[in-house]
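Structure, as structure tokens:
The chains referred to below are lettered A, B, ... by the order of the sequence lines, with proteins before strands, and numbering in each begins at 1. Being a predicted model, the structure only gives us computed values, none of them experimental.
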Amino acid sequence: EADIYQTPRYLVIGTGKKITLECSQTMGHDKMYWYQQDPGMELHLIHYSYGVNSTEKGDLSSESTVSRIRTEHFPLTLESARPSHTSQYLCASSVDNYGYTFGSGTRLTVV
Amino acid sequence: KNEVEQSPQNLTAQEGEFITINCSYSVGISALHWLQQHPGGGIVSLFMLSSGKKKHGRLIATINIQEKHSSLHITASHPRDSAVYICAVRRGGAQKLVFGQGTRLTINP
């Protein structure tokens, strides 16, 4: 069973809409991440957080924003979705000296 | 050149065959991860290695720090092993991962 939950699993939305992708984990991990993955391509880090009220941009530039008000919750928001945002978004968490736990991903299509 | 290179990119084999997937990296690392991604998209963490060898069921992962190389082996492969296998490294004291491009494995019955 998953310890990190992403919703929605699939989302098709029109251009210009605001969307929020949810990510929650029940393991008390202090570190959380958002990755973007285009079909057949490698994952790229777009945001990460090392704790509450701490967020940083990742290696791949993204128009999305994130927040970390609670340890267990790390939502990602797109203020105005565009077709170029169509991709899979994966959330993950980790704690020092242990492995990562990944969510099932959100497959976003902007039409 | 990517910091993490995997080979082969695609691998098709018959059920029961012994499978090896390789990962080479060019940076100093604190840990290396092997991940499995099924067609649905979700990712499962298989191993985290900083030295030596780990085994879990039919899966074996090894790492040679001096040669900056890791291998993932699958014994007695099965069609349910069909997935993309991803190597990722953690650099130095950072928590962020750098990913390889993945190896798409198909096991035919």
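- Looking at A/Q6, neither its backbone nor its side chain comes within 4.5 Å of chain B, counting heavy atoms on both sides.
- Both the backbone and the side chain of B/L97 come within contact range of chain A, with heavy atoms under 4.5 Å apart.
- A/Y33 touches chain B through its side chain: at least one heavy atom from C-beta onward sits under 4.5 Å away, while N, CA, C and O do not.
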Sequence neighbours excluded and cut-off under 3.5 Å, please list the side-chain donor-acceptor pairs for residues 101-109 of chain B, or say none.
from, atom 1, to, atom 2, distance (Å)
B/Q101, OE1, B/Q6, N, 3.2
B/Q101, NE2, B/Q6, O, 3.4
B/T103, OG1, B/Q6, NE2, 3.2
B/T103, OG1, B/P8, O, 2.6

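- Atoms OG and CZ, on A/S94 and B/R90 in that order, are 6.5 Å from each other to the nearest 0.5 Å.
- In this structure, A/M41 places its CE atom where only 12 or fewer heavy-atom neighbours from other residues, nucleotides or ligands lie under 6.0 Å away.
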**OP:** Any chance you could lay out the side chain to side chain contact (heavy atoms under 4.5 Å, CB included) test for B/V4 and A/E42, step after step, and finish with the verdict?
**Re:** CA-CA 11 Å; B/V4 181; A/E42 61 260 45; over 6 Å; no
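- Dense packing is recorded around NZ of A/K57, with more than 12 heavy atoms of other residues, nucleotides or ligands lying under 6.0 Å away.
- When hydrophobic side chains of Ile, Leu, Val, Met, Phe, Trp and Tyr are connected at separations under 4.5 Å, A/V111 ends up clustered with A/V12.
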Original post:
Would B/I43 and A/L43 satisfy side chain to side chain contact (heavy atoms under 4.5 Å, CB included), going step by step from the backbone distance to the final call?
Top reply: CA-CA 11 Å; B/I43 291 178; A/L43 287 85; 3.7 Å; yes
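- Hydrophobic cluster membership differs between A/V52 and A/M32, with clusters built from Ile, Leu, Val, Met, Phe, Trp and Tyr side chains linked at under 4.5 angstrom.
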